[in-house]
Protein chains: 2
Amino acid sequence: MATALKLKAFDLGKQASAGDVIYDALRDAIIRGEIEEGEPLRQDTIAQMFNVSRIPVREAMQRLEAQGLVLSERYKGVVVASLSHDQITEIFQFRALVEPTVIELAVPLMSEESLKAAQHYCDAFAAETDPLRWGDLNRDFHTALYKDSDKKFFLTMIDKTNDLVERYVRLVLYLTQGMRSAIEEHQAILDACKARKPELAAELTRQHIDQAGKALVGYLRDHHR
Amino acid sequence: MATALKLKAFDLGKQASAGDVIYDALRDAIIRGEIEEGEPLRQDTIAQMFNVSRIPVREAMQRLEAQGLVLSERYKGVVVASLSHDQITEIFQFRALVEPTVIELAVPLMSEESLKAAQHYCDAFAAETDPLRWGDLNRDFHTALYKDSDKKFFLTMIDKTNDLVERYVRLVLYLTQGMRSAIEEHQAILDACKARKPELAAELTRQHIDQAGKALVGYLRDHHR
DNA sequence: ATATTGTAGATTGGATACAATTATGCAAAC
DNA sequence: GTTTGCATAATTGTATCCAATCTACAATAT
């Protein structure tokens, strides 16, 4: 038998098509709030931006619509979706139900690496001065806490809710200059995880999301958005 | 002034494109289990079925992939997704968390019409002799109970979970000749709604989903699927 | 001045055609 | 009999072109 020759296997992932790239780029721009609500996305314009035809652009847009990030009307075009205060409230209600469950399941499985990563994002969030980075670090923190739960479907759903409200979260983080209370709440949740107290972590997460949701809608209301 | 001539306004909804029609048809066939797991869906073949080009077919497939109903690989094609027992278990865990919450919110808002509709579907389910109809009636029943909750996002999520597991639910309803225990559980949930007892309806729903999930995975295991 | 109609441009949905990549069948070599 | 190499077919990804429809504005009628 020949010596077992091991070739290094690069994980290229599914080779990305133009449609995939465009989808990612548009999704990113939308959830970051770089495109105004209600702003139309013209197939032609975007196709030229990426130097491709309209076909992959249309496919990307259909996926964005399925994800709820844009609304499309025949012969009129696609516009960036906007959420009413009620819709935002409902999404936070959903998160307040799902995320505590996930963290409760995750705590017993949480690796030291994940805890360290979460602490890193928590500190980085507190230290970050660029408002545009707060959104990412906030999301990274929560993701680090959830991922060891090994509940892929739950995580997919949570990602979806994050995508939908992220532009508003970012806006409010900006308006409130970072929401210092969030930092303390993050640390408290993380401490509960480190102490391996699933129920406590779940309850603190529930309160955190509840607070964040109410604060967010409150600020939006005050600023007439 | 001329007499006010009122033209009847038909609500055509968003005018359906070929892609929409194909998406609906494929989704339906997949969740009903009319296409085998892992079976490839060829763009060309399906385009011919509908007498269209591959463009709208591709768009439909991309949406199916976003919904999690198919898997796509570049230059290889799209295959109907199959779920592992673990994945099915997780989805039922998710439903057992979300659906009780929704019914609890719905009970106080539930109209007499909705209660009547639910009773109708419940009876129809019990009386139905055609196994192929059980899946629909089961879903109609639950939908009737949830819709007055006025929580669109929750309902969308529930719909998604239903889409993903429906083919398995149908299979097991078939194998078990209708699961008589489900009928009693349905009636108990409905009675709790009629009595306007939100917490009871929620708890019964949780138990019902839990049972159904465990029964489903158990049957699948026994039948090596 | 206001309402209606007509027309040109803009925009999307889809068909056809072609390029890139993978799967398949078959002959040759081991 | 099994494996390897290559030519061919099958299949997907994208570009280009056309049809259907909407929008905006000018022209006309009231």
Side-chain angles (χ1 to χ4, degrees), chain A residues 1-5 7 9-26 30 35-36 38-67 69-81, chain B residues 1-5 7 9-27 30 35-36 38-66 69-81:
Chain A
M1 184 173 94
T3 54
L5 177 60
L7 294 178
F10 289 101
D11 181 15
L12 297 173
K14 199 166 70 173
Q15 191 180 341
S17 64
D20 294 335
V21 174
I22 295 166
Y23 173 81
D24 281 347
L26 287 178
I30 292 170
I35 311 177
E36 288 296 313
E39 187 168 331
L41 298 176
R42 297 296 169 203
Q43 296 179 6
D44 225 356
T45 312
I46 292 164
Q48 285 167 19
M49 285 180 182
F50 289 91
N51 256 306
V52 296
S53 79
R54 281 168 32 222
I55 301 287
V57 175
R58 290 202 2 227
E59 292 176 353
M61 286 183 173
Q62 301 228 1
R63 283 196 273 168
L64 290 171
E65 190 185 14
Q67 192 71 2
L69 294 174
V70 302
L71 302 172
S72 138
E73 236 174 314
R74 193 170 213 208
Y75 302 120
K76 292 201 179 167
V78 163
V79 297
V80 175
Chain B
M1 184 173 94
T3 53
L5 177 60
L7 293 178
F10 289 100
D11 179 15
L12 298 173
K14 196 165 75 172
Q15 190 180 344
S17 63
D20 294 334
V21 173
I22 295 167
Y23 173 81
D24 281 347
L26 287 179
R27 169 181 166 279
I30 292 171
I35 311 178
E36 288 296 313
E39 187 168 330
L41 299 175
R42 299 294 168 204
Q43 296 180 4
D44 224 358
T45 312
I46 293 164
Q48 285 168 18
M49 283 179 181
F50 289 91
N51 257 308
V52 296
S53 80
R54 283 169 29 225
I55 301 289
V57 175
R58 288 169 47 79
E59 292 174 354
M61 285 183 173
Q62 302 225 4
R63 283 197 272 168
L64 289 172
E65 191 186 12
L69 294 174
V70 302
L71 302 173
S72 138
E73 236 175 313
R74 192 172 207 189
Y75 301 121
K76 294 202 179 164
V78 163
V79 297
V80 175

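Naming convention: chains lettered A, B, ... in sequence-line order (proteins, then strands); numbering from 1 in each chain. In this text the structure is predicted, and so the values were computed from the model without any measurement.
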Please evaluate residues A:Q67 and A:Y23 with respect to the criterion side chain to side chain contact (heavy atoms under 4.5 Å, CB included), reporting the C-alpha separation (whole Å), side-chain torsions for both, the decisive distance (0.1 Å), and the verdict. CA-CA 11 Å; A:Q67 192 71 2; A:Y23 173 81; 3.9 Å; yes
Any B:K76 side-chain nitrogen or oxygen under 4.0 Å from OP1 or OP2 of C:dA23: yes
Quick check for you: name the first and last nucleotides of DNA chain D, 5' to 3', having an atom under 4.0 Å from a heavy atom of chain B. D:dT11 to D:dA15
On a heavy-atom basis, the closest approach of A:A66 and B:A66 is CB-CB, 4.4 Å
On a heavy-atom basis, which atom in B:P40 and which in B:V79 lie closest, and how many Å separate them? CA-CG1, 3.8 Å
Per the salt bridge (charged side-chain N to carboxylate O under 4.0 Å, His left out) rule, what does the pair list look like for residues 43-64 of chain B, sequence neighbours excluded? A:R58-B:E59, A:E59-B:R58, B:D20-B:R63
Those residues at least two apart in sequence (or on a different chain) that pass side chain to side chain contact (heavy atoms under 4.5 Å, CB included) with A:A81 are A:L71
For B:G77 and B:R42, which heavy atoms make the closest approach, and how far apart are they? CA-NH1, 4.2 Å
Please list, chain by chain and in numerical order, all residues satisfying side chain to side chain contact (heavy atoms under 4.5 Å, CB included) with B:E39, sequence neighbours excluded. B:I35, B:E36
Heavy atoms only, 4.0 Å cut-off, all strands: where does A:L41 land among base, sugar-phosphate and nothing? sugar-phosphate
Within the structure provided, determine whether B:L64 and B:V78 are in side-chain contact (heavy-atom separation under 4.5 Å). no
Under 3.5 Å, which N/O atoms of the protein pair with N/O atoms of nucleotides 13-15 of chain C?
residue, atom, partner, partner atom, Å
C:dG13, OP2, A:Q43, NE2, 3.0
C:dG13, O3', A:R74, NH2, 3.2
C:dG13, N7, A:R54, NH2, 3.0
C:dG13, O6, A:R54, NH2, 3.4
C:dG14, OP1, B:A18, N, 2.5
C:dG14, N7, A:R58, NH1, 2.9
C:dA15, OP2, B:S53, N, 2.8
C:dA15, OP2, B:S53, OG, 2.7

